[in-house]
Undergrad: 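Take this structure, written in structure tokens, and hold onto it; I'll ask about it next.
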Amino acid sequence: MDYDFKKIERKWQEKWRSEGTYKVSEDSSKPKFYVLDMFPYPSGAGLHVGHPLGYIASDIYSRYKRLRGFNVLHPMGYDAFGLPAEQYAIQTGQHPEVTTMKNIARYREQLDRIGFCYDWSREVRTCDPEYYKWTQWAFLKMFGSWFDPAQNKARPIEELIAKLETTGYEDVTPEMWAAASEKEKSDILMRWRIAYLGETSVNWCEGLGTVLANDEVKDGLSVRGGFPVEQKKMKQWQLRVSTYAGRLLESLDSLSWTDSLKEMQRNWIGKSEGTEVVFNTVCDGRELPVTIFTTRVDTIFGVTFMVLAPESELVDQLTAESRKDAVAAYVKEVRKKTERERIAETKSVTGVFAGSYGINPLTGEKVPIWISEYVLAGYGTGAIMAVPAHDSRDYAFAKKFGLPIVPIIEGCDVSEQSFDAKEGKMCNSGFLNGMDVKVAIEAAKDYAEAHGLGRRKTNYRLRDAIFSRQRYWGEPFPIYYKDGIPMPVDEKDLPLTLPEIESFKPSANGEPPLARAKDWTYKGYPLETSTMPGFAGSSAYYLRYMDPHNGEALVSRKANEYWRNVDLYVGGTEHATGHLIYSRFWNKFLFDLGYVCCDEPFAKLVNQGMIQGRSNFVYRIVGTNKFVSLGLKDQYETTEIHVDINIVRNDKLDLDAFKAWRPEFADAEFVLENGEYICGWAVEKMSKSMYNVVNPDDICDTYGADTLRLYEMFLGPIEQSKPWDTKGIDGVNRFLKKFWRLFYDRDQWLVVDEKASPAELKALHKLIGKEQEDIEAMSYNTNISAFMIALSELGECHKREVLEPLVVLLSPFAPHMAEELWEALGHTTSVCDAAFPEYVEAYTVEDNVTYPVQFNGKMRFTVDLPKSASPAEVEAAVRALPQTAKYVLEGQSIVKVIVVPGRIINIVVK
RNA sequence: GCCCGAAUGGCGGAAUUGGUAGACGCGCUGGACUCAAAAUCCAGUGUCCCUUAAAGACGUGCCGGUUCGAUCCCGGCUUUGGGCACCA
């Protein structure tokens, strides 16, 4: 029987499905292991070869863990709510659900062909009401909770209400609370609810007609669609993620994530320890204390002006009568700008004098107060003290508006630029004079606190997440408005299902699409018309997989305590500051309220690299329909044209296919080199427009899924981005064929029950040892190499004793072939349920001669000696080493001397 | 501008993290089988010197350092990928 991958793969995929081979359930007799892929958004374009990279990696790991006796949870689902389906719906009128379901079916078909061991009975779809019931439930819990800074965790809002009634909380006294109307009480609680409705400056995207979260905006453009985004004050639902900033930062240390990803999250959370200092201000004779935030109190003697953010509430109070018009004009100007314009103009400095003055609390000096967009309203207090000598932004501002620059560090030159470094000795700084800057920072903080001028304060850049989207295709908020007061829908009435509407466009008066829904009410009151953003559904999906059909809870306590959290999470870095922050926040929140038992959702995370496309080009001679091969193109004036990579093989163009590709090339002529047309190439993003998309289905057709799996892993380390290049695919395909031939020669079954030779056992066990090591480290490419070496070492070995374990070792990589051979070997159960072969080190010991001698140095030496040298000769050789060596060896002894074939001795010293 | 990471043959990439650099695969060259091709198998394949071989020299982006010994450690560059960017 030849290796007929098509027949084999179809057979086993069918069998896995009908027999439920990959179905798992809680089994307390086995240790659990949870392997998760970031579930995909099912786009209309289908999968390309880049998508399965991570899926294959995690699949191999899952299969390996199962062989090692773990009960492995390896589920898959779809992040099915999202903008593209809705955009498509607006254009075509087709319901987003219809396109989404169609795309899901297509994804499933493509995924199934690759032979993943997903337990599909646990599939989740975020757009399924049975699923989003629990997204809405979590939102209600957040609405019904507040973050208690004393306990550093979320607590039921009832506890806050009790506080308000008895002792009061912050600036709300029990008397105020008792006297408050229902509406006022709602407003008060809104200040602390974890999910809250609040007015803030949001990223408004006109092109998409919705607001966006910070991570959905890049360079002032929407990540989806690339439309400009502007700042707008709007009342939106938000999640108080910022209250978790400290915990999100701290527990990062306990995670096995890559350093670079942790660093990204650290930067995004942006902890900065500084001081809040109160400056008294004077405006038209009125006094007003203003709090500013600084990380460099030590530079306070160098303050020459203060700056307010244009959006700051202080602007009105600190604008002098005489400056009103100028300030108003400036603020209006700034507001008009989009985020993108602000970024583009980073280098230009703008601002206006407010006409008021601040009093330096240490020097009593009076400094002018300015307003400038370089100060952000959303960070710190929206007001700063400016020290132009030691802050480059303040410096640029001072230069532009002719404000004084006072250096306070000895010997620094501020004639050209500011001196931002935290080094040197202080001067012009009263009691700080002569101190080293780093010492001065602490001294100044202490001084400010001791004299009641300010207090230490830790600020985070992490903002609350804006949670409303003015869209249709998302989870409806379980919130209704009773006389304008937001009220939660009863838990028992969940899910609050998405209503049918006639058009998916925003309504004529600019309201979200849900405003079009008939009878969008609850208990006779209007329901919220925004929907939740994409990250809502993806924030807790890993919990739902543990118990996907539970109608009573997001996840039962029993299932959660068994599966706990994700042991291995595989996905791209693009979610570093979005999904991976929100998920952690969401999980911590549920943890605080006791719904889940782990504080962190993803213990270990591996980022697979991106697979880029490898585009091919042909070169048309300008003005003709003649195409010149790459090597000769410099002799002509040519234009570069992308050519479909499906008609190019190893950079050689299939001329007939090219002529048939497009009508205008039908009568193309060619200038060949050595009788062939060689195409140029470049690495680019894989996309339709560059004709470089490789569909995994095509690879499965030509080579089979097992080859695809093996090849994607053989390409290089999974974390690395690399271009897709089919050049080497024949190599792994050959490997599989060779593997097959150990069992079959055409129809001849070759396997015999003979005893394996020492050399064969050695080859086998070397591979077993290597596979354990490599798969644990997800170093699949080197493991496949080891497989190839083992095969060539085994030569014509057809012994069952060797081949049976070999099939098990192959099964994570090429499951279809492994199953087929496993069955042929007479097994009636799946190879998945085989045990991983036991590694016996004794078989693999190298030919190295080891001399047990004692030594306690810390060096290694190289000496020339015949392999047959006796211990005495080795000793003598060591004694003859260079002077330094001899010296170190004096009176000590050697641990291990290895004679490597090739007459060289390594004396390994521990 | 700031913060990470990377750089090794014609190509993708190995190297027990200080001890035989270039595993494995691709490609290429030659050979076997074949009427021929495909498939398969065998041998060779870092560079230079050389008719060839032996032998040798050089060789992990560049310059320098530590070391008996550096792809690996240290200092200074260059190129490149990614992230952040008025966060006081």
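Just so it is clear, the values below take in all heavy atoms, side chains as well, and ignore hydrogens, waters and symmetry mates. Naming convention: chains lettered A, B, ... in sequence-line order (proteins, then strands); numbering from 1 in each chain.
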Undergrad: C1' atom, B:C62 versus B:G25: distance in rounded Å?
TA: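 Result for the C1' pair: 31 Å, nearest Å.
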
Undergrad: Taking only the C1' atom of each, what is the distance from B:G10 to B:G5 in whole angstrom?
TA: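 Comparing C1' positions in B:G10 and B:G5 gives a spacing of 27 Å.
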
Undergrad: I'd like the P distance from B:A23 over to B:A14, given in whole Å.
TA: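 Here B:A14 and B:A23 have their P atoms 13 Å from each other.
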
Undergrad: Can you check whether A:Y374 has a side-chain N or O nearer than 4.0 Å to OP1 or OP2 of B:A88?
TA: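 The answer is no; no side-chain N or O of A:Y374 sits under 4.0 Å from OP1 or OP2.
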
Undergrad: Would you say A:S242 and A:Y460 make side-chain contact, with heavy atoms under 4.5 Å?
TA: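 Result no, sub-4.5 Å side-chain heavy-atom pair not found.
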
Undergrad: Mapping A:T381 and A:R734 onto RNA chain B by nearest heavy atom, which one lands closer to the 5' end?
TA: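 Between the two, 5'-proximity favours A:R734.
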
Undergrad: What interatomic distance, in whole Å, is found between P of B:G27 and the corresponding atom of B:G22?
TA: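 Taking atom P in both B:G22 and B:G27, they lie 22 Å apart.
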
Undergrad: Whether the A:T707 and A:N733 side chains hold a donor-acceptor pair (N or O, under 3.5 Å, no angle test) is what I'd like checked.
TA: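 Distance-only check passes for A:T707 and A:N733.
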
Undergrad: Between P on B:A14 and CE on A:M788, what's the gap in Å once rounded to a whole number?
TA: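 One finds 14 Å between P of B:A14 and CE of A:M788, rounded.
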
Undergrad: What is the distance from CH2 of A:W724 to P of B:C26, rounded to the nearest Å?
TA: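 That distance rounds to 15 Å.
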
Undergrad: Rounded to whole Å, how long is the line connecting atom OH of A:Y3 with atom P of B:A39?
TA: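 Spelled out: OH on A:Y3 to P on B:A39 is 17 Å.
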
Undergrad: Find the distance A:I371:CD1 to B:A88:P and express it as a whole number of Å.
TA: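 That distance rounds to 22 Å.
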
Undergrad: Using whole Å, what does the distance between atom P of nucleotide B:G82 and atom NZ of A:K262 come to?
TA: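 Taking atom P of B:G82 as the reference, NZ of A:K262 is at 24 Å.
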
Undergrad: Between B:G46 and B:A15, how far apart are the two C1' atoms, rounded to whole Å?
TA: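 The same atom, C1', in both gives a distance of 16 Å.
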
Undergrad: For A:L710 and B:C24, give me the distance from atom CG to atom P, rounded to whole Å.
TA: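 In whole Å, B:C24 P lies 17 Å from A:L710 CG.
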
Undergrad: Is the CD atom of A:E313 crowded by more than 12 outside heavy atoms at less than 6.0 Å?
TA: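 Atom CD in A:E313 is not packed in, count stays at 12 or less.
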
Undergrad: Which residues pass the salt bridge (Lys or Arg N to Asp or Glu O under 4.0 Å) test with A:D259, not counting sequence neighbours?
TA: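 Scan of A:D259 (salt bridge (Lys or Arg N to Asp or Glu O under 4.0 Å), adjacent residues dropped) gives none.
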
Undergrad: Answer with yes or no whether the side chains of A:S272 and A:Y379 bring together a donor and an acceptor at under 3.5 Å.
TA: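 Checked: A:Y379/A:S272 side chains pair up, N/O donor to acceptor below 3.5 Å.
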
Undergrad: Send over the distance from A:L791 CG to B:C24 C1', rounded to a whole Å.
TA: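 Atom-to-atom, A:L791 to B:C24, this comes out as 12 Å.
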
Undergrad: Taking atom P in both B:G18 and B:A7, compute the distance separating them and give it to the nearest angstrom.
TA: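 After rounding to an integer number of Å, I get 16 Å for this pair.
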
Undergrad: When you get a sec, tell me which of B:C86, B:U40, B:A23 is the closest nucleotide to the side chain of A:K737?
TA: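 When the side chain of A:K737 is considered, B:U40 is the closest of B:C86, B:U40, B:A23.
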
Undergrad: Using the P atom on both, measure B:C11 against B:C84 and round to a whole Å.
TA: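 Comparing P positions in B:C11 and B:C84 gives a spacing of 32 Å.
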
Undergrad: Set out, line by line, the N/O atom pairs under 3.5 Å between protein and nucleotides 3-13 of chain B.
TA:
unit_1	atom_1	unit_2	atom_2	d
B:G12	O2'	A:L715	O	2.7
B:G13	OP1	A:Q720	OE1	3.0

Undergrad: May I ask you to evaluate whether A:R461 reaches the phosphate of B:C84, defined as a side-chain N or O under 4.0 Å from OP1 or OP2?
TA: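 Result: no.
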
Undergrad: Could you tell me whether B:G56 is syn or anti, where syn means a glycosidic angle within 90 degrees of zero?
TA: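 Anti conformation for B:G56.
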
Undergrad: Using the P atom as the point on both nucleotides, what is the distance between B:U66 and B:G75, in whole Å?
TA: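 Result for the P pair: 15 Å, nearest Å.
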
Undergrad: When you check the gap from the basic side-chain N to the acidic O, do A:E712 and A:K722 get nearer than 4.0 Å?
TA: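 Between A:K722 and A:E712 there is no salt bridge, as every charged N stays at least 4.0 Å from the carboxylate O atoms.
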
Undergrad: Provide, to the nearest angstrom, the distance between the OH atom belonging to A:Y379 and the P atom belonging to B:C84.
TA: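 Distance check: A:Y379 OH to B:C84 P gives 17 Å.
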
Undergrad: Any luck finding a side-chain donor-acceptor pair between A:T350 and A:E373 under 3.5 Å?
TA: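 Checked: A:T350/A:E373 side chains pair up, N/O donor to acceptor below 3.5 Å.
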
Undergrad: Given Watson-Crick or G-U pairs with both distances under 3.5 Å, what dot-bracket string fits RNA chain B, with | for other-strand pairs and [ ] for crossing?
TA: (((((((..(((......[....)))((((((.......))))))(((.......)))..(((((..]....))))))))))))....

Undergrad: Check the orientation of A:H390 and A:F419. Use parallel for under 30°, tilted for 30 to 60°, and perpendicular for over 60°.
TA: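 Because their plane-to-plane angle is over 60°, the rings of A:H390 and A:F419 count as perpendicular.
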
Undergrad: The side chain of A:M264 is closest to which nucleotide in this list: B:G27, B:G83, B:A88?
TA: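 Given the options B:G27, B:G83, B:A88, the side chain of A:M264 is closest to B:G83.
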
Undergrad: Verify the contact: side-chain N or O of A:R741 to OP1 or OP2 of B:C41, cut-off strictly under 4.0 Å; return yes or no.
TA: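 Answer is yes, contact under 4.0 Å.
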
Undergrad: Nearest 0.5 Å, please: how far is CD1 in A:I784 from CG in A:L810?
TA: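 Those atoms lie 9.5 Å apart.
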
Undergrad: Tell me whether the guanidinium CZ or amine NZ of A:R584 lies under 6.0 angstrom from the six-membered ring centre of A:W257 and within 45° of its axis.
TA: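 The answer is yes; both the distance and angle limits are met.
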
Undergrad: Are A:F735 and A:F714 near enough that their ring centres are under 6.0 Å apart?
TA: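 No; A:F714 has its ring centre 6.0 Å or more from that of A:F735.
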
